[in-house]
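Written out below as structure tokens is the structure these notes cover.
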Amino acid sequence: MDPRPVRTRFAPSPTGRIHIGNARSALYPFLLARHTAGTFILRIEDTDQKRFSPTAEQELIDSLHWLGINYDEGPDVGGPCGPYRQTERRAIYHEYAWKLVELGHAFPCFCSPNRLEKVRKEQMKNKQNPRYDGTCRNLNLDEGRRRAASGEMYVIRFKMPKEGNITTTDLLRGPSTTENSALDDSVLLKSDGLPTYHLAAMVDDHLMEITHVIRGSEWLPSLPLHAHIIRAFGWEEPQFVHLSVFLKPSGKGKMSKREATEAIRDGHSIFVGDIKDLGYIPEGVLNWIVLMGWGVPEGDVLTLDDMIARFDIHNLTPSPAAINFAKLDHFNATHIRLLQTGDLAARIKPYFLREGLVVDDAKLLKIIPLIRERLVTLDDCLAFAAWFFRDNVEPKPADLVAKNLTAAQSAGVAHKAYEILAALPEITPGIAEPPMRLLVEQLGLGPNQVFGILRVAVTGQTVSPPLFESMEIVGKEKVLERTRTAIKILEKMG
Ligand code: GLU
């Protein structure tokens, strides 16, 4: 066991949109840090200038904030190990790359990209694995320094031992031994002066005193190289955990860009920003994500606090997880039901405002218990409850006609209902429902026929929250007015 206080990090490259894989790579180290009262760090790995996207960092930070994955150190909050953006740490990598050269574990390489490309093509033709051919491996150190100082283009490569092997350990998969002869003299420092991931991440994890590296399994093949670098420097090794891959919803094959696009067409998305816009709440999203690679029972409903309390890195699983959007819906609906009324009201209010509706807060609080159970995503509130905030409803005439009745008969039923309602002191479920049920009986009709007419009359739609509770919120005066309007419409049809 590493006796140092736990320090974990999320180290995304700001190259594109933030998807649930990124979110999970942030969540697990966050949970480990919180569970152990350790520190969680955000580090921006922006050394790949070709793939850099200027909007990605902000989207990343926004997504983390939205999910509630808060970091203790990072580019926008600072900390003792900064800067936390790798392009601002150039000088550090330069120094460490040359340090490795001095230690005899790396070498400057002056080979031209053209020549290397030719070598690569030749190797491919001969069915060999493409790799560096060793031209600069044994360059004299002083000559290397002099040529680099004179402005000649160079990279720095790791000097991989030709013999022997290296044993590395992934916490979930156990130890694994690799022959050094299978490893390349990988580039550590590029000709633009920026480091590759291999150097930058190892240097930063060391300087930032990271105890657990939790990252995507695409880095597992690089682990032997990383272990070589760390050992060459004589540094303490962090624990490595490589997370499982995500499979597409069918469970067959890795999630690709194409499937991601298809999901969006179906009203789903793997991108955190889209998921938020689709009306999902962070509690539901986190519950969904956390179970994709964590060996706790699949149906467990967990709040962030539960996750922190129960998190155990040894329970992460290396087996692939299929993306299942039905589960996201399930967890989202479940967590919506767990929200306090005021909290849910505050979260759905913007949806009404965006529709240009004027929202009465007291009324909204009364509506919440009527719709809470029906919401899968927050925007479902519009279908069920937007009509509450409209001055007038506009029922479709055909919807007012009850099943198996004519328009004239429906008008007659509505008229009888109107008389009963008008005579009541007020309309509440307790006061209005019993006489209305009696009416249903007296008319020898089904409740759906009678209540259906009233529902469409009062709410303007065929599906609504419970009728009498809705009527109470709408108020007697408006209920009567809308019923009169409905009778007129029905009479005209007849
Ligand atoms: N920048 C790397 C990536 O986005 C980070 C991997 C790591 O966590 O070390 O894949």
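Remember, it's 1-based here, ligands and their atoms both numbered in the order they're listed.
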Between the protein and ligand 1, which nitrogen or oxygen pairs come in under 3.5 Å, and how far apart is each?
unit_1   : atom_1 : unit_2 : atom_2 : d
ligand 1 : 1 (N)  : Ala11  : O      : 2.8
ligand 1 : 1 (N)  : Ser13  : OG     : 2.8
ligand 1 : 1 (N)  : Glu45  : OE1    : 2.6
ligand 1 : 4 (O)  : Ser13  : N      : 3.4
ligand 1 : 4 (O)  : Ser13  : OG     : 3.4
ligand 1 : 8 (O)  : Arg9   : NH1    : 2.8
ligand 1 : 9 (O)  : Arg9   : NH1    : 3.4
ligand 1 : 9 (O)  : Arg9   : NH2    : 2.6
ligand 1 : 9 (O)  : Tyr197 : OH     : 2.4
ligand 1 : 10 (O) : Trp219 : NE1    : 3.0

Residues Tyr71, Asp76; criterion side chain to side chain donor-acceptor pair (under 3.5 Å); working and verdict: CA-CA 10 Å; Tyr71 41 90; Asp76 55 337; 3.0 Å; yes

Could you list the donor-acceptor pairs under 3.5 angstrom formed by side chains in residues 148-159, with sequence neighbours left out?
unit_1 : atom_1 : unit_2 : atom_2 : d
Ser150 : OG     : Arg147 : O      : 2.8
Glu152 : OE1    : Arg147 : NE     : 3.0
Glu152 : OE2    : Arg147 : NE     : 3.3
Glu152 : OE2    : Arg147 : NH2    : 2.7
Tyr154 : OH     : His94  : NE2    : 3.4
Tyr154 : OH     : Trp98  : NE1    : 3.3
Arg157 : NH1    : Asp185 : O      : 3.0
Lys159 : NZ     : Arg137 : O      : 3.3

Test ring-ring contact (aromatic ring centres under 6.0 Å, His included) on Trp219 and Tyr197; report intermediate values, then the result. CA-CA 10 Å; Trp219 294 113; Tyr197 168 75; 3.9 Å; yes

In residues 187-195, what donor-acceptor pairs under 3.5 Å come from side-chain atoms, sequence neighbours left out?
unit_1 : atom_1 : unit_2 : atom_2 : d
Lys190 : NZ     : Thr47  : O      : 3.0
Asp192 : OD1    : Leu194 : N      : 2.9

Would you say the side chains of Ser25 and Asn22 form a donor-acceptor pair under 3.5 Å? no

Return each pair, listed once, that meets ring-ring contact (aromatic ring centres under 6.0 Å, His included) where at least one residue sits in residues 35-64; pairs must be two or more places apart or across chains.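 Passing the test, one end in residues 35-64: Phe30-Phe40.
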
